Every structure is written in C-alpha cells, then in structure tokens.
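This report refers to the structure that appears directly beneath it.
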2 protein chains.
Amino acid sequence: MERYSMLDQCSNRAKMSGMAIRTRQSQRRRQVLTRERIVETAVELLDEVGADALTVRALTGRLATGPGAIYWHIGNMDELLEAATDAVVATALATRPAQPAEAGGAAGEIRSVALGLFDAITEHPWLAAQLAVQLIRNPWGPVTLRIFESIGRPVRALGVPQGDWFTTTSTLVHYILGATAQTSHGSGDGSVPGSEADRAEFLDTASRAWQELDPDDYPFIRAIAEQMREHDDREQFRSGIDLVLTGITTLHVKGSAPGRLPRPSTA
Amino acid sequence: MERYSMLDQCSNRAKMSGMAIRTRQSQRRRQVLTRERIVETAVELLDEVGADALTVRALTGRLATGPGAIYWHIGNMDELLEAATDAVVATALATRPAQPAEAGGAAGEIRSVALGLFDAITEHPWLAAQLAVQLIRNPWGPVTLRIFESIGRPVRALGVPQGDWFTTTSTLVHYILGATAQTSHGSGDGSVPGSEADRAEFLDTASRAWQELDPDDYPFIRAIAEQMREHDDREQFRSGIDLVLTGITTLHVKGSAPGRLPRPSTA
DNA sequence: ACCTGAACACCGTTCAAGT
DNA sequence: ACCTGAACACCGTTCAAGT
C-alpha cells in the first residue's frame with residue numbers, strides 16, 4: 001500500500017540529473033532523455049490530445065524511445081501526472097499577471113492567485129481533473145501544498161488571527177478547487193478547449209431542459225434556469241471568491257467593517 | 001463526441017423493466033438481470049474493493065453472467081459509475097438524520113445537507129472521486145443537479161434575493177465538493193476506509209515533514225503544521241460551511257445582523 | 001548508468017450466435 | 001427481448017538483454 005506516501009514523488013532510481021547536455025550532436029530529436037523532458041512532453045500531449053490520450057506508447061512515440069526508457073526515469077504513470085500537474089501549477093502561480101499596482105492588497109492577492117489558477121485551467125482543460133485527482137489521492141502532496149502556500153500567505157496578511165489560518169485557508173482552497181472543477185467544461189479528459197459558440201449552445205440546451213424538469217422534484221433548478229443560461233463562469237468565480245472573503249473578514253478580521261472589502265480592481 | 005450529453009443517462013436499449021420477477025425459481029443467484037441489480041452490485045463492489053477494482057469482469061463474476069449481458073442493460077462503464085454515484089447521493093440526501101427539532105432553520109438545513117454528503121463520503125470513500133468526476137465531465141448531470149437542488153432550496157428560504165440564487169448556491173456547492181474531495185483521505189480509489197490510528201499517524205508524519213520544509217519556500221505551511229496535526233476534518237468542514245454562510249448573509253440577506261448566524265445545533 | 005523491445009497480465013467493448 | 005462467450009484493440013508495467 002502506497003497510501004500516505006507524502007512528497008516522495010521521485011522515482012527510486014534516477015535522482016541527480018545535473019549532467020551536462022551532450023553538447024553538439026544533432027539538435028532536436030537526439031537529446032538525452034531526462035525526467036524533465038518527459039514531463040514537458042507529457043504536458044504537450046495533455047494540451048494537444050487530452051488526458052485519456054496520454055499513454056506511455058504516445059510518449060515513447062514522440063520521444064522516440066521504448067517504455068523501458070520512460071520507466072527508468074519516471075516510476076509510474078500517476079507520478080508523471082502529478083509532476084505534469086505540479087509543473088503547470090507552479091508556472092501558473094509564478095507568472096500571474098501583475099495586479100495593477102498592488103491593487104486590493106491582501107484580498108487582491110488572493111483574487112489574483114485564484115484567477116491565475118482559473119485561467120490556467122482554461123488554458124489546460126485537463127488540469128481541472130488532475131487537480132481533483134491530486135487532492136483526493138494525495139491530499140497533502142506537492143500540488144496541494146503549493147496552492148495552500150500561495151493562498152495562505154495573503155490570508156495571513158489579511159489580518160486573520162493565527163488560530164484561524166488553517167481553517168480559513170482550507171475554505172478558500174476548497175472553494176477554488178471545487179469551482180474550477182465544474183468550470184472546466186471540457187469532455188472530462190480535457191481534450192478540445194470547446195468553442196465559445198459550443199458553450200453558448202450548451203447553456204441554451206441545458207437551460208431549456210431545466211425548465212422542463214418536474215416542478216415537484218426540481219423547483220429550484222427550474223427557477224434558476226434563466227440565470228444559469230446568462231451567467232459568466234469567470235465572473236461567477238470572482239463573486240464566489242468575494243463571498244468567501246466577506247465571510248472571512250466578517251468572522252475573523254477584527255476592526256474591519258463587515259461586508260466591506262477592498263474594491264476589486266476592474267481588470 | 002458525446003459531450004454535452006445532459007441527462008440522457010439511459011442506455012439506448014432497455015427502458016421499461018417493470019416486468020414481474022420470475023416468481024419462485026431459485027432464490028438468490030438466478031434472479032433476472034436488471035439495470036437496478038447491476039447498479040446495486042456495482043455499489044457493493046465499490047464499497048468492498050474500491051473503484052479501481054470495479055471492472056466488468058468483477059461484475060460478471062458476481063452476477064454470474066457475461067459482459068454482453070451487462071452491456072445490454074448499461075451502455076458503458078462511465079454510465080454505470082454515474083448511476084452508482086447518483087443512487088448513493090440520492091439516498092444520502094433523502095435519509096439525512098432529522099435535525100433535532102428543525103434547529104437552525106434554513107441555515108441548519110444547509111448544514112444538514114452538507115454534512116449528509118460528508119458522512120456519505122466517509123461511508124463510501126470512492127464517492128469523493130466520483131463526485132469530482134461527475135462535476136468535471138458532466139457538469140450539469142443528474143448528480144450535480146440533485147445536489148444543487150438540495151442546497152438551493154434552503155438558500156432561497158434563507159432570504160437571498162432571486163438575482164443571487166445561482167451564484168450563492170454555486171459557491172456553497174463548490175465549497176462542499178472541494179472540501180469533501182480532500183477529506184476522503186483514502187487511497188484515491190477509495191478501497192479501505194483507513195483506521196483512526198492510521199490517520200493519526202499520517203497527520204503526525206505530515207506535520208513533521210511540514211516543519212522541515214524550506215522556510216523560504218513554505219513559510220506559511222510551516223506555520224500551520226501544528227494546527228493541521230490537531231484538526232478534525234468534520235469540524236473544519238462545519239466551520240467552512242459557516243464561513244460561507246456568513247458571507248452569504250452579510251452580503252445578500254438584508255436585515256440580518258452581519259456575522260450573526262442561527263446557532264448551529266451541537267449535534 | 002541508461003536504454004531497447006518483446007512479453008505479460010490486464011482492461012473495456014463488440015458481436016455473431018444462441019434462446 | 002435478452003443473454004452467451006470468444007475475440008479485438010487497447011492499456012500500464014516488467015525485465016532480460018544490450019551498450
């Protein structure tokens with residue numbers, strides 16, 4: 001049982017790989033195979049064809065090797081998925097669009113991190129499912145840890161008392177991951193991004209279907225059918241974040257006017 | 001592409017199945033095969049051996065048939081998983097422990113629904129992953145719809161103005177699903193429930209590992225290491241719900257004293 | 001140390017054939 | 001209408017053998 005494995009994301013063999021790249025040789029195809037290069041290629045494949053089509057055979061094809069070569073560097077498929085997810089999340093968090101002149105302070109930083117993740121998922125639809133998988137089968141693995149740290153720091157800066165840091169940050173992170181999961185609206189494996197027209201049509205069909213549900217079983221769903229057809233995922237996500245932030249400041253930040261939040265920058 | 005399939009969860013063949021059970025015959029093993037019986041057996045298998053071990057071969061073994069029989073009734077594996085998830089969620093929502101004498105009103109109802117789902121996941125560890133999967137690959141499928149309806153009704157009763165019903169309910173549902181995902185702490189496939197001692201040891205190891213992280217990279221995680229070791233998942237979940245509820249009442253419910261919530265029953 | 005590639009033990013799904 | 005069971009086209013992973 002590899003339950004509770006915690007952070008041991010490296011293959012048993014293959015640790016150091018600071019070896020110099022075999023200098024000239026041929027340019028593209030004949031590079032040395034490294035763990036990094038495998039992860040990069042995995043991300044490429046995930047972006048292009050989706051999670052279901054990322055197979056070790058597809059990898060060996062693109063890298064011009066055999067399965068044994070992959071498994072020398074990588075351990076297994078789950079580890080590769082985790083590494084790919086962590087890599088994409090890391091760059092998404094690091095390269096967030098600089099908030100216009102520190103706007104919003106700590107609350108603005110939280111919004112920025114959250115929207116950074118949201119946008120990363122829009123760009124890499126497979127990411128939503130992988131974030132969920134990581135959260136579930138490795139609840140405190142590198143991916144979750146990274147997100148917690150990014151949200152936790154501004155939570156602290158917000159003035160939340162230390163005793164509430166963990167609960168508060170958890171609530172934010174859990175909301176973010178839940179919301180981004182539903183919003184990915186891909187085919188689940190995250191293959192094609194899905195056009196804007198597709199999405200409009202989808203919402204239209206869904207909304208119509210909702211209005212024809214049994215009024216006894218689904219009165220509420222029927223009542224929000226129209227609202228849901230018109231909603232914008234990203235805007236709704238922002239609202240959700242602000243809702244949770246309001247809860248935090250109201251409940252935990254003393255001296256704050258309840259319900260008052262630093263104005264979100266209209267970026 | 002079966003994207004945006006929406007609610008068409010039935011196999012193309014096999015609709016009616018109100019046929020009388022072939023009366024006497026032998027008792028257990030020689031029942032007629034129905035979609036319902038397959039779903040029931042799937043839930044049994046999921047509970048006993050986890051999601052990874054639910055295969056059509058395992059099903060045919062327990063049901064004493066061949067794969068063709070399964071596929072006559074069921075369509076494909078994804079559909080079976082969805083049906084199993086929906087069945088468990090439906091009974092979890094229907095059989096919630098009656099809140100002690102209506103305590104808490106609408107807010108209490110929301111807590112009750114949320115905790116009902118939480119407890120269902122504790123009982124069926126595979127459920128966490130499946131809820132996530134449903135949310136991602138079928139964002140408005142029967143499972144999500146059912147949960148939305150259950151949360152939306154008390155949201156309405158809370159006094160939230162109609163224009164905010166959708167956003168408010170979404171925020172709650174997304175938090176619930178994100179939180180329950182991390183809390184499942186199984187092996188991901190949701191096989192063994194995991195003992196209390198296992199869990200304590202896991203938290204201990206994780207907490208220690210956190211304290212040895214790089215102070216430059218993970219200052220926040222290091223700071224909450226102790227707090228996380230002592231936390232109780234269910235209690236934390238309650239706090240998260242209350243945090244979101246506070247945000248809702250503060251922001252959307254006029255006439256409510258901000259930060260004041262109906263006292264949660266100490267059940 | 002790093003890589004090759006055949007082979008193994010599995011999957012989900014299909015489909016002609018039976019009743 | 002419902003079921004059988006062999007067969008198909010895939011998986012991830014292993015491992016003796018090469019360099």
Side-chain angles (χ1 to χ4, degrees), chain A residues 2 10-22 25-26 29-38 41-42 45-46 49-84 133 137 188-189, chain B residues 2 10-22 25-26 29-38 41-42 45-46 49-84 133 137 188-189:
Chain A
E2 45 154 1
C10 289
S11 172
N12 14 13
R13 19 317 179 41
K15 274 294 164 48
M16 40 74 80
S17 60
M19 57 182 307
I21 295 170
R22 193 173 300 163
Q25 196 87 346
S26 80
R29 271 283 120 126
R30 273 301 118 202
Q31 289 177 300
V32 271
L33 192 60
T34 62
R35 184 185 155 96
E36 275 178 25
R37 212 158 77 86
I38 296 173
T41 311
L45 278 170
L46 286 164
V49 289
D52 288 352
L54 173 66
T55 66
V56 333
R57 277 163 180 84
L59 270 175
T60 59
R62 192 167 283 215
L63 289 167
T65 50
I70 305 280
Y71 279 93
W72 175 262
H73 292 278
I74 229 69
N76 60 43
M77 205 60 183
D78 282 355
E79 189 186 311
L80 177 58
L81 257 345
E82 178 171 72
V133 167
R137 63 169 12 135
D189 61 339
Chain B
E2 44 155 0
C10 287
S11 171
N12 12 16
R13 21 314 181 38
K15 273 294 163 49
M16 39 71 83
S17 60
M19 57 182 304
I21 295 170
R22 193 173 301 162
Q25 196 86 346
S26 80
R29 271 283 120 125
R30 274 301 120 200
Q31 290 177 300
V32 272
L33 193 61
T34 62
R35 185 185 154 95
E36 274 179 26
R37 212 159 78 87
I38 295 173
T41 311
L45 277 170
L46 286 164
V49 290
D52 289 351
L54 173 65
T55 65
V56 334
R57 278 163 180 84
L59 270 175
T60 58
R62 193 167 280 215
L63 288 167
T65 50
I70 305 282
Y71 280 93
W72 175 261
H73 294 277
I74 229 71
N76 61 41
M77 206 57 183
D78 282 356
E79 189 187 311
L80 177 57
L81 257 345
E82 179 171 71
V133 167
R137 63 170 12 136
D189 60 339

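Letters A, B, ... mirror the listed sequences (proteins, then strands); counts begin at 1. These numbers come from the heavy atoms of this one structure, side chains and all, not from hydrogens, waters or symmetry mates. Note that the structure is predicted; figures quoted are calculated from it, not measured.
Here the side chains of L81(A) and V133(A) are not in contact, with every heavy-atom distance at 4.5 Å or above. Using a 4.5 Å cut-off on side-chain heavy atoms (C-beta onward), L59(B) and L54(B) make contact. At least one side-chain heavy atom of L63(A) sits less than 4.5 Å from a side-chain heavy atom of I70(A). Residues E79(A) and N76(A) are in side-chain contact: their nearest non-hydrogen atoms beyond the backbone lie under 4.5 Å apart.
In this structure, R35(A) atom CZ and dA1(C) atom P are separated by 18 Å, rounded to whole Å. A straight line from CG of L54(B) to C1' of dC10(C) spans 15 Å, rounded to a whole angstrom. When rounded to the nearest whole Å, the span between CE of M77(A) and C1' of dC11(C) equals 15 Å. A straight line from CG of L33(A) to P of dG5(C) spans 14 Å, rounded to a whole angstrom. A straight line from CH2 of W72(A) to P of dC3(C) spans 9 Å, rounded to a whole angstrom. Rounding to whole angstrom units, CZ of residue R37(B) and C1' of dC2(D) are separated by 14 Å. Taking atom CD1 on I74(B) and atom P on dG12(C), their separation rounds to 14 Å, with Å as the unit. Atom C1' of nucleotide dC11(C) and atom CG of L59(B) are separated by 14 Å, given to the nearest angstrom.
Comparing dA6(D), dT4(C), dT13(D) against the side chain of P67(A) picks out dT13(D) as the nearest. Comparing dT13(C), dT14(D), dT4(D) by their closest approach to the side chain of Y71(A) singles out dT14(D). With dG12(D), dT13(C), dT4(C) as the candidates, the nucleotide lying closest to the side chain of V56(A) is dG12(D). Taking the side chain of N76(B) as heavy atoms from C-beta on, and the options dA6(C), dT13(C), dG12(D), the nearest nucleotide is dT13(C).
The pair E82(A)-R137(A) does not count as a salt bridge, with every side-chain nitrogen at least 4.0 angstrom from each carboxylate oxygen.
Both I70(A) and R57(A) lie close to DNA chain C; mapped to their nearest nucleotides by heavy-atom distance, the more 5′-ward contact belongs to I70(A).
OP1 or OP2 of dC3(D) has at least one side-chain nitrogen or oxygen of H73(B) nearer than 4.0 Å.
Under the Watson-Crick or G-U wobble criterion, with both distances below 3.5 Å, dA16(D) is paired with dT4(C).
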